[in-house]
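In what follows, chains are A, B, ... by sequence order, proteins preceding strands, each numbered from 1.
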Amino acid sequence: MTEHEQNTDTGDDLPEQMKIRREKRAALLAEGKQPYPLGYPRTHSLAELREQFAHLEPGESSGVTVAAAGRVIFVRTAGKLCFARLRDGDGTEFQAMLSQGKVGAEALDEFKRLVDIGDHLGVTGEVVTSKRGELSVMADSFAITAKALRPLPVAHKPLAEETRVRQRYVDLIVRPEARAIARQRAAVVRSIRAQLDERDFIEVETPMMQVQAGGATARPFVTHMNAYDIDLYMRIAPELYLKRCVVGGIDRVFEINRNFRNEGADSSHSPEFAMLEAYQAYGDYRTIGELTKSLIQGAAQSVFGSQNVELADGSAYDLGGDWAETTLFGSLSEALGENVTVATPLEALRAYADKVELGVDPLWGPGKLAEELFEHLVVPELHAPTFVYDYPEETSPLTRGHRSMPGLTEKWDLYIRGVETATGYSELVDPVVQRERLEAQARLAAKGDDEAMRVDEDFLRAMEYGMPPTGGMGMGIDRLLMALTGLGIRETILFPLVKPE
RNA sequence: GGGCCUCUAGCUCAAUUGGCAGAGCUACGGACUUUUAAUCCGCAGGUUCCGGGUUCGAGUCCCGGGGGGCCCA
């Protein structure tokens, strides 16, 4: 069935229920009524009604006439009396009652003929309670405020996961948890913005379409700009632009926005994902780690009321207090039972990889292989929030060398429930060393590593003007939501990318 | 990239060895002036993801393709 056929009014090929709803829409028009009127003169939201009339006893009448509206989520007809449960966008529900004695036989018949579950409905009447004590509007009049042409799924069977993702609008209508996560996500982002604002960080928006994608090792999406006839890259990280800001004197700067990485999609990776990056002049990896911990704990506290959050499976997860710390090579040595350092030769690391049946890419250097071993052996065990320190220089081309340990950098990764959630650095600010590192990356790219970085001359020019000592961090917003809620990435993103139907 | 599982009515799911494509809810018609997944009576609704093949006969078996999920690399 094509969209065109679905859009016709006759709809001979439509499923029965959709055909019937189209006929009801046509009937409204034929009777001089609007199926999609401009509005409804509401006097109260459903939440306001609940609050204002909470005191009504069962069977009591308030004597107050109100007008309210919401989506019909439940209908019950009992001869000359009908019930409709309305729901507002915030999830508040309120009952409408229509009795033949109040609205008349003709209007009651119209309600039964034309109103379906899923329609938006406005009702005007007195606030009463039913015999069972349910707060209700006893309608004097009603109007359909938007006719739904598709039936809602059955309320008491969970929607298939794929349908929830592909038709999030339906998921949001029928599943309270879907509405909750959308609001929680907004609250978490709001909390992080507020905390950064309190600390005098300036929020900026840097380019998402770039001549050269930099700031991370990842494969970019390519697009084309017709006016200049050049390829542009969707950004893989805002880092190089935020550092330009620090050079320019925006000493505390952050951005919350989308990155795009042309890689796989699975339960913890989305091709587009929201990220926070923050840079603090005269900070380093320690101060920026403290900031990161505060932001996460503050968001948990303000959104969930506790740093010990309840996850989707009902278990508790404690984000409070100080977090565990370890080092990449220390934890890896422990897992292997062999002493491994940044100086361990590639051949020895390959032997360990063979022993634990880890596939090795011949392009990997010792640093990259050590990280892969770490992810394979250590990460699955990192349940409690843990900062992992001291990564090899080889894989961290934008990070300052360690102040006391040659070959290592001042970098940490933060793991929460075994998921890399944030990363932080003492930023490399020496433009000469930075050029050497980027040129080494460019040589990797020339050898066929399409995730390697390219030399960004304008970024190097900015560095040559002098960037102050700086701590920087990046944190995946989607992953933070996963950490705080225990949900999968496809639940924390409203509209994750799905293949076309 | 590899392996396994999966796709059937609006929704959630059945269908034995290859033998008339079913149920619940929803919808539709009827009864009911206090329902809350009401109850009772009645009645509809299908390109079994798509394309081939085997067969007297395919939702089921075979081949190819697509969507989704899980695991592995």
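Contact annotation: side chain of A:Gln17 to base of B:U26, donor-acceptor pair present below 3.5 Å.
The nucleotide whose nearest atom lies closest to any side-chain atom of A:Lys80 is, among B:C32, B:A37, B:U12, B:C32. Comparing B:U34, B:G67, B:C32 against the side chain of A:Phe83 picks out B:U34 as the nearest. Picking from B:C32, B:G68, B:C25 the nucleotide with the shortest atom distance to the side chain of A:Thr77 gives B:C32. The side chain of A:Lys24 sits closest to B:C28 out of B:C28, B:A73, B:G68. Closest to the side chain of A:Ser130, from the set B:U12, B:U36, B:G67, is B:U36. Taking the side chain of A:Val154 as heavy atoms from C-beta on, and the options B:C11, B:U34, B:A27, the nearest nucleotide is B:C11. The A:His376 side chain lies nearest to B:A73 when the options are B:C11, B:G68, B:A73.
Nucleotides B:G29 and B:C7 place their P atoms 34 Å apart, quoted to the nearest Å. The separation of B:G45 from B:G22, taken at their C1' atoms, amounts to 13 Å, rounded to a whole angstrom.
What separates CD of A:Glu162 from P of B:G69 is a distance of 7 Å, to the nearest Å. Atom CZ in A:Arg76 sits roughly 8 Å away from atom P in B:U39 (whole-Å rounding). Rounded to whole Å, atom C1' of B:U34 lies 14 Å from atom CG of A:Leu108. The CG atom of A:Leu56 sits 20 Å away from the P atom of B:U34 (whole-angstrom rounding). Nucleotide B:G67 holds its C1' atom 14 Å from the CG atom of A:Leu497, rounded to whole Å. Atom CG of A:Leu152 and atom P of B:U26 are 13 Å apart (whole Å). Distance, A:Met18 CE to B:A9 C1': 11 Å, rounded to whole Å. B:U33 atom C1' lies 16 Å from atom CG of A:Asp109, rounded to whole Å.
Base engagement by A:Gly101 is indicated by at least one non-hydrogen atom pair under 4.0 Å involving a base atom. At the heavy-atom level, A:Lys112 lies nowhere under 4.0 Å from the strands shown. When heavy atoms are screened at a 4.0 angstrom cut-off, A:Lys157 is found touching the sugar-phosphate backbone but no base atom.
Where A:Val498 and A:Ala78 meet RNA chain B, the nucleotide closest to each residue was compared, and A:Ala78 sits on the side nearer the 5' end.
Using a 3.5 Å distance cut-off with no hydrogens or angles, the side chains of A:Tyr36 and A:Thr145 do not pair a donor with an acceptor.
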Would A:Leu98 and A:Leu81 satisfy side-chain contact (heavy atoms from CB on, under 4.5 Å), going step by step from the backbone distance to the final call? CA-CA 6 Å; A:Leu98 297 97; A:Leu81 182 66; over 6 Å; no

